[in-house]
Amino acid sequence: MKDLWKELRGLKELNLYRQRRLREGVKDFCSNDYLALRNHPEVVEEAIRVLREEGLGSGASQLVSGYSRYHMALEEDLAGFKGTECCVLFGSGYLANLGAIGALVGEKDVIFSDELNHASIIDGCRLSKAKVIVFKHRDYKHLEELLKEHRKNYRRALIISDSVFSMDGDIADLRELNRLAKEYDAILYLDEAHATGVLGTTGKGILEEFSQGWEGHMIIMGTLSKALGSYGAFVCGSKILCEYLVNKARSLIFSTSLPPSVCAGARKALEIIRREPQRIKRLKELTLYVYNRLKELHLDVLFYGTPIIPIMLYEEKKALEVSRALLEDGLFIQAIRYPTVPLKKARLRLTVSLNYTQEDVEILLSSLSKHLS
Ligand SMILES: Cc1ncc(COP(=O)(O)O)c(C=O)c1O
């Protein structure tokens, strides 16, 4: 146990020590509740209704007795929303990536993975025992070189990318990824955690953003935990894929399914997104407004049109200091540091949400200006 203490001390010395913070009493500027659906009265009402009807937990895994009509209805709606044949729910985005990647590829196979993919993809790749080849971030020329050299040596190939990269907010080039997937006979696996409810004019995700229909070799993974304001995740694709995952994905088979109330709440959130596409438009407008105001402060921000707007501070210590100073003003933006991002690329990951009022934005800007300009 002494070793653990030493390691923690090492993290503190490097400004890489992490602590959870109660978010009470502060305005949250770093959640992924982009469309403000987590507290939407209809979502909460529906979840409570089903909570009363079904009880708290689901009682078992999907393959035992934990698969209710609420799970099935949500899967059907998600498949319809994403324009795929079928959908399977998972306990979380982390579990979906672990389970789906691990089921799809093994020792004889190869994965081509963007270097900035989410940690759950990295862990899923490692666990799968497939050969993992990492391509430079959004560098599709590099990807093509790697495909040319290595694809032929393996049975199945998977190209994996986040649709919206969670720490930078940039967007994968679907056209290039799809061209390469087709040319090199690979499955294209897209993580839509931050794209669902955000990209495209109606929030359907990267396919809509690129005016592209779903094709059989595409796997669309997404989470219920961001713009859908709930918890859990899904993998959409062909009927065969879903059947396969239900039989092979260990994180689905050997883990208790989502509570029915959580599924019902997510389904209501999806219904609201479909009914009110103006929410997505408003999010885009607010995002642009916040970015333009940040620019006036001459802050070093990354911006790609998505609601993830990292304020770059580079030094871990500086990121911690500014995050703490904001907290004293009642504003919460978490300092993101290694290993979530590379060393010396520390940042405040500001996210835009429909939860913010005009006044909130003004308070945020004046506090940022005080501590950063
Ligand atoms: C791109 C990406 N994939 C997967 C996940 C994991 O999702 P979850 O939080 O539902 O486990 C996240 C975020 O947490 C993410 O940003």
Side-chain angles (χ1 to χ4, degrees), residues 18 20 23 28 30-35 37-38 71 74-75 78 82 87-102 104 111 113-128 134 137-138 158-172 174 177 188-199 203 205-206 209 219-236 245 249-252 255-259 262-263 265-266 269-270 302 304 306-310 334 336-337 339-341 347 349-353:
R18 295 172 187 225
R20 293 171 295 175
R23 61 171 176 213
D28 182 355
C30 54
S31 94
N32 302 310
D33 182 20
Y34 304 117
L35 296 173
L37 290 173
R38 190 164 69 95
H71 295 83
L74 177 58
E75 287 178 344
L78 284 165
K82 293 287 186 184
C87 173
V88 179
L89 290 177
F90 282 80
S92 71
Y94 192 90
L95 288 173
N97 281 334
L98 242 53
I101 298 168
L104 286 161
I111 301 172
S113 176
D114 188 292
E115 70 178 325
L116 290 195
N117 277 342
H118 188 258
S120 54
I121 294 182
I122 296 171
D123 293 357
C125 291
R126 286 181 184 152
L127 210 65
S128 75
V134 175
H137 179 50
R138 293 188 77 261
L158 212 59
I159 298 175
I160 302 196
S161 177
D162 284 8
S163 287
V164 172
F165 289 87
S166 56
M167 293 301 135
D168 285 29
D170 52 347
I171 304 170
L174 178 66
L177 284 170
L188 178 57
Y189 187 111
L190 297 162
D191 180 329
E192 298 252 276
H194 297 276
T196 303
V198 171
L199 289 190
I206 198 162
E209 182 81 15
I219 295 176
I220 311 289
M221 173 270 171
T223 62
L224 308 174
S225 50
K226 276 92 184 163
L228 285 167
S230 181
Y231 187 72
F234 57 89
V235 177
C236 290
L245 292 178
R250 293 174 65 82
S251 62
L252 180 152
S255 187
T256 300
S257 65
L258 288 171
V262 165
C263 298
L270 188 60
L302 304 179
Y304 303 94
T306 70
I308 300 167
I309 309 182
Q334 187 59 273
I336 305 288
R337 292 157 292 153
T340 309
V341 293
R347 64 200 66 185
R349 179 179 174 274
L350 169 67
T351 51
V352 179
S353 160

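Whatever order the structure lists them in is the order used to number ligands and atoms, beginning at 1.
In this structure, CG on Leu245 lies 7.0 Å from CD1 on Ile219, to the nearest 0.5 angstrom. Distance OH/Tyr189 to CG/Asn117: 10.0 Å, rounded to 0.5 Å. With rounding to the nearest 0.5 angstrom, the CG atom of Asp191 is 10.5 Å from the CD1 atom of Ile206.
Remark: of the listed residues Arg23, Arg38, Lys226, Arg38 is the sole one forming a salt bridge (Lys or Arg N to Asp or Glu O under 4.0 Å) with Asp33.
Scored by the side chain to side chain donor-acceptor pair (under 3.5 Å) test, Asp28 finds no partners at all (sequence neighbours excluded).
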What do the steps show when you test Asp170 against His137 for side-chain hydrogen bond (donor to acceptor under 3.5 Å, both in side chains), and what is the final call?
-> CA-CA 10 Å; Asp170 52 347; His137 179 50; 2.6 Å; yes
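At a 4.0 Å heavy-atom cut-off, the residues surrounding ligand 1 are Ser92, Gly93, Tyr94, Asn97, His118, Ser120, Asp162, Ser166, Asp191, Ala193, His194, Thr223, Ser225, Lys226, listed by chain and number.
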